[in-house]
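First comes the structure, then the notes that go with it.
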Amino acid sequence: MNIFKYSSSVFKVVIMMLAITSCKVTVESLKPEAAVPTTYGLHNDTANMAFKPWQIFYTDTTLTKLLGDALERSLEMKITTEEVNFYAAQFQQAGRILYPVASVGATSRVDRYGEYTMNGVGNDDTNRSESLPRDQLLPDPYPELFVGVNVSWEANLWKKLSSKRKAAQSRFMASVEMKHGLTTMLIGSVAQTYFELLGLDQEKLVLLENIKLQSLAVGLVRIQKSGGRVNQLAVDQFESQLLNTQNRLIMIEQEILSTESRINELIGRYPRLLARGSLNSFDTLERLLPGSPQQMVSQRPDIRRAEYLLEASGADVMVARAAFYPSLQLSGNAGVSAFSLSKLLLTPQSAVYSLAAGISAPLLMRRRIRTIYDQATAKQRMALHQYEKTVLNSYHEVYRSLNNGVALGKQISVKKREVLILDRAVVNSKDLFDVGFANYLEVINAQQRRLEVGLELATLRKLQLQNFALVYRALGGGWTQSKVE
């Protein structure tokens, strides 16, 4: 059989089906409407802190050890890794649809035809033929054996199959970016919680320091009461202040316990005591270097993921569009077939093959296809708006955190000066009280205000460190690997 003599006929059939089913289906070209600003206001740096791997960006070795443990042990990270593996398998599967599918098989069947059926009559008539050799007589019941190769293939008309492959590839890449985003979020969460823990440790130190001072004050005022210089009211005021500070210490210690638990949970392990550094070791921080918004767009995993999902939705539209047009399938098989095992393997005349081509086109289901196409285009527009929203939210997140960093730096500078003044006020009030030029309320107020300002400074420094980690995460820092392992 020469299959090529049918090519012109097949071509004519295709042209005829195209004429019947074709309609102009336009595909929207969707692009983001608004361009990203070129700067973050007053911040015009070209250097970008997000390009530093987390192993280099965070200089606290205790913190980097916690971060490494979190990336290795986090159950959320393990779940996401398996999701990436799932989409990778889907992509591999979709990559094979462009190529023929071949399988090797063997089939065996036995048929008994009734005497009053076409096959039964035909077989009986064949066996009565005098010219038929004995080894070609048809047995009853009739067995049929086949061993060979089956092949099927669909043509990539209208880029239908390549679009499916593109959609699977984009979703796989989106899952990779989702893992990168989780890495960034996990590193940011552990770092911010770690800095919160350091801040609580500093607040605890401030409270312990004040408890020591207030205990001395209680002892002194009791001595003065016994000498008749003050009354019981003064003693009660000092003791009340001490008890209040001791109660606040209990609350801080409980917060420290809860914060340690949160870090252990992020790491993926049960509660344990955590080694850590000191808030004072971060007195000098690097300057916030955000780079350009365009760098942020290319670096942030959530933006990259939204971009890949937008590409996938565009490929889905192309697949839905291709459904309006005919599809071409080719199939065939080749092997050996006979009703006897000896003839199947030893006789060259048992060789068989078949070739088939099928063309199908929608006719009475165009409304359904149009509905599917409309759904795909709506999802593409949703993906576009989601991408725009992600970029917009990301820009504002960086913009706010940068300005928060500047404001926190100014507040800390002012608060440090206030601490120095109140340190002097506490000493002066005590000295004046000892010589009778100040009353006990002035001493209590000075001590109480010094305590509050000390706690406020610790909180501001904690917030500054947390904001430092937030800027790094908001810029997309944390998911790139260090070149220095």
(message) Would you say that Met77 contacts Lys179 through its side chain, given a criterion of any heavy-atom pair below 4.5 Å between the two side chains?
(response) yes
(request) State plainly whether the residues Arg276 and Glu260 are in salt-bridge range, i.e. N to O under 4.0 Å. (result) yes
(message) Just verifying a value: how many Å separate Thr459 OG1 and Gln202 CD, rounded to the nearest 0.5 Å?
(response) 10.0 Å
(message) Between Asp316 (side chain only) and Ala376 (backbone N and O only), is there a donor and an acceptor less than 3.5 Å apart?
(response) no
(message) Just checking Arg269: does its CZ atom have more than 12 heavy atoms from other residues, nucleotides or ligands closer to it than 6.0 angstrom?
(response) yes
(message) Quick test of your reading: applying salt bridge (charged side-chain N to carboxylate O under 4.0 Å, His left out), list the pairs with at least one residue in residues 76-93, sequence neighbours left out, ordered by first then second residue.
(response) none
(message) Tell me whether Gln329 at atom CD has more than 12 heavy atoms from other residues, nucleotides or ligands lying less than 6.0 Å away.
(response) yes
(request) Measure the shortest side-chain to side-chain distance between Leu249 and Lys204 over non-hydrogen atoms and say whether it is less than 4.5 angstrom. (result) yes
(request) Would you indicate whether the side-chain heavy atoms of Met178 and Tyr308 approach each other to under 4.5 Å? (result) no
(message) Could you check whether any side-chain N or O of Ser189 sits under 3.5 Å from a backbone N or O of Leu186, counting only pairs where one atom can act as donor and the other as acceptor?
(response) no
(request) Measure the spacing between CG of Leu67 and OG1 of Thr62 and express it to the nearest 0.5 Å. (result) 11.0 Å
(message) With heavy-atom distances below 4.5 Å as the criterion, would you say the side chains of Gln55 and Thr64 are in contact?
(response) no
(message) How long is the straight-line distance from NZ of Lys159 back to CG of Leu161, given to the nearest 0.5 Å?
(response) 13.0 Å
(message) Looking at Trp54, is its backbone amide N or carbonyl O close enough to the side chain of Tyr472 to form a donor-acceptor pair, meaning the two atoms are under 3.5 Å apart?
(response) yes
(message) If you compare all heavy atoms of Ile369 against all heavy atoms of Pro362, which two are closest, and at what distance to 0.1 Å?
(response) CD1-CB, 3.4 Å
(message) If you count every heavy atom of other residues, nucleotides or ligands that lies below 6.0 Å from Glu253 atom CD, does the total exceed 12?
(response) yes
(request) Specify the closest pair of heavy atoms between Pro326 and Trp158, including all atoms of both residues, with the distance to one decimal. (result) O-NE1, 2.7 Å
(request) Check whether the ring centres of Phe282 and Phe195 lie less than 6.0 Å apart, and answer yes or no. (result) yes
(message) What I want to check is whether the side chains of Asp60 and Tyr194 have a donor and an acceptor closer together than 3.5 Å.
(response) yes
(message) Does any part of the side chain of Arg370, heavy atoms only, come nearer than 4.5 Å to the side chain of Phe324, both counted from C-beta?
(response) yes
(request) Say whether, by atom type as modelled, one donor and one acceptor occur between the side chain of Ser337 and the main chain of Leu145 under 3.5 angstrom. (result) yes
(request) In sequence, state the C-alpha distance, the side-chain angles, and the governing distance for Leu463 and Asn467, and then conclude on side chain to side chain contact (heavy atoms under 4.5 Å, CB included). (result) CA-CA 6 Å; Leu463 292 175; Asn467 188 76; over 6 Å; no
(request) Quick one: pull up OG in Ser350 and CZ in Phe339 and give me the separation to the nearest 0.5 Å. (result) 9.0 Å
(request) Of all the heavy-atom pairs spanning Lys52 and Phe57, show the shortest one and how long it is. (result) CB-CB, 4.2 Å
(request) Would you please classify the geometry between the Tyr395 ring and the Tyr40 ring as parallel, tilted or perpendicular, with 30° and 60° separating the classes? (result) parallel
(request) Kindly compute the distance separating CG (Leu279) from CG (Leu197), expressed to the nearest 0.5 Å. (result) 10.5 Å
(message) Run Asn48 and Gln299 through side chain to side chain contact (heavy atoms under 4.5 Å, CB included) and show every step you take.
(response) CA-CA 10 Å; Asn48 192 319; Gln299 178 74 8; 5.8 Å; no
(message) If you define the side chain from C-beta out and look only at heavy atoms, does anything of Met173 sit under 4.5 Å from Glu311?
(response) no
(message) On a heavy-atom basis, which atom in Trp153 and which in Tyr99 lie closest, and how many Å separate them?
(response) CD1-C, 3.7 Å
(message) Using a 3.5 Å distance criterion without hydrogens, assess whether the side chain of Arg112 forms a donor-acceptor pair with backbone atoms of Asp140.
(response) no
(request) Examine distances only and state if a side-chain atom of Trp479 and a backbone atom of Glu177 form a donor-acceptor pair shorter than 3.5 Å. (result) no
(request) Evaluate the ring planes of His396 and Tyr399, with Trp represented by its six-membered ring, and classify them as parallel (under 30°), tilted (30 to 60°) or perpendicular (over 60°). (result) perpendicular
(request) State, to 0.1 Å, how close Leu200 and Ile252 come at their nearest heavy-atom pair, and which atoms those are. (result) O-CG2, 3.6 Å
(request) Supply the atom-to-atom distance Asn404 CG to Gln464 CD, rounded to the nearest 0.5 angstrom. (result) 11.5 Å
(message) I'd like to know if the side chain of Arg305 reaches the main chain of Gly181, judged simply by a donor and an acceptor atom lying under 3.5 Å from each other, with no hydrogens or angles considered.
(response) no
(request) Begin from the C-alpha positions of Arg109 and Tyr142 and carry the test side chain to side chain contact (heavy atoms under 4.5 Å, CB included) through to its verdict. (result) CA-CA 8 Å; Arg109 58 180 291 173; Tyr142 174 74; over 6 Å; no
(request) Mind checking salt bridge (Lys or Arg N to Asp or Glu O under 4.0 Å) for Lys65 and listing every partner two or more places apart, or none if nothing turns up? (result) Asp69
(message) Checking Phe91 against Arg165 for the side chain to side chain contact (heavy atoms under 4.5 Å, CB included) test, could you report, in this order, the C-alpha distance in whole Å, the side-chain angles of both residues, the deciding distance, and whether it holds?
(response) CA-CA 7 Å; Phe91 173 48; Arg165 184 178 185 276; 4.1 Å; yes
(message) Using side-chain heavy atoms (C-beta onward) and a distance below 4.5 Å, is Leu384 in contact with Gln380?
(response) no
(request) Check Ala50 against Gly476 and note the closest heavy-atom contact, atom names and distance. (result) CB-C, 4.2 Å
(request) Verify, without hydrogens or angle tests, whether Ser74 (side chain) and Leu71 (backbone) share a donor-acceptor contact under 3.5 angstrom. (result) no
(request) Provide the full list of salt bridge (charged side-chain N to carboxylate O under 4.0 Å, His left out) pairs with a residue in residues 393-407, sequence neighbours left out, each pair given once. (result) Arg300-Glu397, Glu397-Arg473
(request) Using a 4.5 Å cut-off on heavy atoms from C-beta on, say whether the side chain of Ser327 contacts that of Glu154. (result) yes
(message) Quick one: does any side-chain atom of Ser313 pair with a main-chain N or O of Leu310 as donor and acceptor, under 3.5 Å?
(response) yes
